[in-house]
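Throughout, residue positions are numbered sequentially from 1 according to the sequence presented. As the structure is a computational prediction, the values presented were derived from the model and not from experiment. Counting convention: from 1, in listed order, for ligands and their atoms alike. Below, each value reflects all heavy atoms present in this structure, side chains not excepted, and no hydrogens, waters or symmetry copies.
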Amino acid sequence: MSVGTVRVVIPVFDEADNVRDLVEEIASIPSLPLKLHVDFVDDSHNDRTVKAIESARNQFPLVTITYLHRTGADRTNGLAGAVTAGMRRALTAGHEYVLVMDGDGQHPPAVIPSMLSRLRPDTDLVVASRYIPGGSHEGLDGNYRRFISRAATWIARLLFPIRLRKVTDPMTGLFVVRASSINPDRFEATGFKILLEMILRTPELRPAEVPVIFRLRNAGDSKAAAARGVEYLNQLVRLRLGSLRLLTRRKEKHTYVNV
Ligand SMILES: Nc1nc2c(ncn2[C@@H]2O[C@H](COP(=O)(O)OP(=O)(O)O)[C@@H](O)[C@H]2O)c(=O)[nH]1
Ligand SMILES: [Mg+2]
């Protein structure tokens with residue numbers, strides 16, 4: 001199926017050593033149904049990543065590349081804030097779909113065509129899942145990280161069995177969503193889990209999944225830290241309470257909503 005314009009939002013924090021390879025991979029995706037516009041949202045405390053983005057833009061002129069370097073007080077809400085800022089920019093620019101992917105090479109750009117081709121009139125969101133046949137999470141370093149990721153996914157699906165019925169990988173940062181289906185003003189996430197936030201804050205989203213094999217991070221270090229676990233549990237509680245409030249409000253209006 002051919003789709004309209006796609007904005008690829010790539011959050012980056014100190015990814016100067018990964019930007020060039022990533023753009024090269026995006027530029028060499030065969031048989032793309034459309035032209036991609038890549039927008040980096042950079043929260044680095046120096047200009048190295050921005051310089052790498054500018055040099056990749058010169059080297060691969062066939063890919064449209066823009067960036068937002070958030071500095072000082074604009075650097076709000078970490079990774080989730082950066083993705084939300086990128087979504088707002090995509091909406092302002094009038095793109096039809098927003099595809100979010102990491103900038104460290106863990107998300108293979110080669111999966112983009114299968115994500116786009118899974119979009120349908122009755123599907124607003126396509127999640128690239130490590131947990132369906134054909135997918136794998138072998139790119140997460142170490143059994144401990146893999147266990148944490150699995151456990152976090154399991155808790156979320158236990159707490160939101162209906163909303164996450166069709167989403168086996170709500171923790172991933174690789175997905176594409178119809179821009180007109182989302183309202184970034186509803187998102188309050190401060191940490192890593194913007195997809196979960198988006199799904200739970202947008203009950204009308206109709207999701208599907210395609211498999212993906214996560215790779216190892218290319219260069220540099222992960223920014224995921226133990227403190228993020230606590231932040232994540234906070235987010236789950238907030239979302240769970242928020243859904244109950246939404247349920248009560250809708251019941252008052254005699255409308256049933258699955259949460
Ligand atoms: N703009 C922005 N990007 C971030 C931030 N934290 C992480 N990232 C980027 O988000 C992506 C995923 O982060 P990463 O550290 O690889 O997390 P992991 O894959 O869970 O280990 C990478 O492209 C990071 O550079 C942040 O605070 N702001
Ligand atoms: Mg990573």
task: Under 2.8 Å from the Mg ion (ligand 2), which protein N, O or S atoms are there? Could you list them by chain and number?
output: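 Protein N/O/S atoms under 2.8 Å of the Mg ion (ligand 2): Asp104 OD2, Gln106 OE1.
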For ligand 1, indicate whether the residue [X] contacts it via side chain, backbone, both or neither (heavy-atom separation under 4.0 Å).
X     : value
Leu79 : both
Arg75 : neither
Pro11 : both
Arg70 : neither

Exercise: do [X] and [Y] side chains pair donor with acceptor under 3.5 Å:
X      : Y      : result
Thr66  : His37  : yes
Asn46  : Ser44  : no
Asn18  : Asp104 : no
Ser149 : Tyr131 : yes
Ser181 : Glu204 : no

task: Return a yes/no value for Asp42: is any of its N or O atoms, backbone included, closer than 3.5 angstrom to an N or O of ligand 1?
output: no
- request: Check whether any N or O atom of Ala82, backbone or side chain, sits under 3.5 Å from an N or O atom of ligand 1, and answer yes or no.
  value: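 No - when backbone and side-chain N and O of Ala82 are compared with those of ligand 1, no distance drops under 3.5 Å.
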- request: Establish, yes or no, whether a centroid distance under 6.0 Å links the rings of His45 and Phe13.
  value: yes
Ligand-side contact atoms (ligand 1) for residue partner [X], heavy atom cut-off under 4.0 Å:
X      : value
Val41  : 1 (N)
Gly103 : 22 (C), 23 (O)
Asp43  : 1 (N), 2 (C), 26 (C), 27 (O), 28 (N)
Gly78  : 26 (C), 27 (O)

field: Candidate pair Glu15 and Arg20, rule salt bridge (charged side-chain N to carboxylate O under 4.0 Å, His left out), full reasoning
entry: CA-CA 10 Å; Glu15 301 289 5; Arg20 203 211 78 93; over 6 Å; no
query: Looking only at atom types and distance, does a side-chain atom of Arg157 sit under 3.5 Å from a main-chain N or O of Arg165, one as donor and one as acceptor?
result: yes
message: Whether the side chain of Asp124 engages the backbone of Arg206 through a donor-acceptor N/O pair (distance < 3.5 Å, no angle test) should be reported.
response: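 At least one qualifying donor-acceptor pair exists.
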Give every donor-acceptor pair under 3.5 Å between a side-chain atom in residues 50-58 and any protein atom, sequence neighbours left out.
| residue | atom | partner | partner atom | Å |
| --- | --- | --- | --- | --- |
| Glu54 | OE2 | Tyr67 | OH | 2.5 |
| Arg57 | NH1 | Ile65 | O | 3.0 |
| Asn58 | ND2 | Glu54 | O | 3.4 |

- request: For atom 14 (P) of ligand 1, state which one of Glu15, His107, Arg217, His69 supplies the nearest heavy atom.
  value: Arg217
- prompt: Is the NZ or CZ atom of Arg130 both under 6.0 Å from the centre of the six-membered ring of Phe214 and within 45° of that ring's axis?
  reply: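 Ring-cation test returns yes.
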